[in-house]
Amino acid sequence: MKTSSIGRKIVMSISGMLLILFLTLHLVINLTSLISREAYEAACGFMDENLLIQVMVPILALGFMVHIIMGIILTLQNRKARPQGYAVEGKSKKVSWASKNMLALGLIVLGLLVIHLGHFWAKMQLQHWMGNEGDNPYDLIKTLFSNGWYVSLYIVWILALYFHISHGFWSMFQSMGMTNSKWIPRLQTISIIYAHIIMIGFMLIPVYFFLGFGQP
């Protein structure tokens with residue numbers, strides 16, 4: 001039973017690293033939409049034409065899904081074993097709000113990820129793989145982010161990601177055995193910095209288009 005639990009934590013850690021890579025890659029690509037239509041279309045074209053990217057993105061996306069689903073399973077198992085829930089920290093240590101609500105945060109992230117993939121991936125990359133032209137990436141992002149409801153859902157998704165990453169980033173290293181008292185606080189600080197970069201970067205995009213700054 002203990003070996004099985006360790007195995008699940010290792011899967012969580014590896015898939016968590018894939019989540020970090022997935023988010024970082026997509027943030028860099030999506031931020032080009034703030035530069036110009038041409039820059040974003042070129043970045044999306046690179047994503048579609050580069051063989052390494054075509055192979056890597058589905059793997060990263062699968063890792064994203066596995067991470068969230070495995071996190072939900074572990075949370076439910078931990079709650080059965082001990083009521084305090086997902087927390088990695090010892091009983092005597094303060095448990096953060098994010099660590100106590102990782103299940104809810106994971107469900108929000110997973111649910112809105114499915115909606116997001118249905119609007120973007122299904123209308124662009126999937127169509128290209130099927131031999132169809134697909135929607136113009138810049139027109140698609142501009143149209144979707146002109147919708148107040150979609151922008152609101154997107155921001156909720158990013159906020160859930162922020163709290164999830166702020167706890168999950170450093171705890172994945174702890175799950176892999178890094179318990180050094182000097183490095184854990186450093187990793188916690190890095191987690192907060194990275195979570196802020198992800199939150200601010202991804203939020204800039206819908207706000208930019210919703211306020212009408214996009215190009216014709």
Going hydrophobic residue to hydrophobic residue with side-chain gaps under 4.5 angstrom, can you get from L34 over to V28?
-> no
Closest heavy-atom pair, E41 versus P137, reported as atoms and distance to 0.1 Å, is CG-CG, 4.1 Å
| query | Is V207 close to V151 at the side-chain level, that is, under 4.5 Å between some pair of heavy atoms? | reply | no
Taken in chain and number order and not counting sequence neighbours, the residues that satisfy side-chain hydrogen bond (donor to acceptor under 3.5 Å, both in side chains) with T24 are Y194
Residue pairs meeting ring-ring contact (aromatic ring centres under 6.0 Å, His included), one or both in residues 26-52, sequence neighbours left out, come to F22-H26
The complete set of salt bridge (Lys or Arg N to Asp or Glu O under 4.0 Å) pairs with one or both residues in residues 122-145, sequence neighbours excluded, reads R37-D139
Do I35 and I29 share a hydrophobic cluster, counting only Ile, Leu, Val, Met, Phe, Trp and Tyr and linking them when any side-chain heavy atoms are less than 4.5 Å apart? no
The reported gap from CG in N136 to SG in C44 (rounded to nearest 0.5 angstrom) is 8.5 Å
Quick note, salt bridge (Lys or Arg N to Asp or Glu O under 4.0 Å) partners involving residues 202-216, not counting sequence neighbours, are none
Going by heavy atoms in the side chains, are L27 and L31 under 4.5 Å from each other? yes
Residues at least two apart in sequence or cross-chain that pass side chain to side chain contact (heavy atoms under 4.5 Å, CB included) with V156, listed by chain then number, are I108, L112
Residue set satisfying side chain to side chain contact (heavy atoms under 4.5 Å, CB included) with T189, at least two apart, ordered chain then number -> I193
Could you give the side-chain donor-acceptor pairs of residues 197-206 under 3.5 Å, partners two or more places apart or in another chain?
none

Sequence neighbours excluded, the answer for ring-ring contact (aromatic ring centres under 6.0 Å, His included) partners of Y138 is F209
Residues pairing under salt bridge (Lys or Arg N to Asp or Glu O under 4.0 Å) where one sits in residues 102-119, two or more places apart or in two chains, turn out to be none
With sequence neighbours left out, the residues meeting side chain to side chain contact (heavy atoms under 4.5 Å, CB included) with A122 are L126
Contacts satisfying side-chain hydrogen bond (donor to acceptor under 3.5 Å, both in side chains) that involve residues 145-155 (not counting sequence neighbours) are H116-Y150
With sequence neighbours left out, the residues meeting side-chain hydrogen bond (donor to acceptor under 3.5 Å, both in side chains) with Y208 are none
Nearest heavy-atom contact between S191 and S166 is CB-O, 3.5 Å
Query - Donor-acceptor contact below 3.5 Å, side chain H196 vs main chain I192 - result: yes
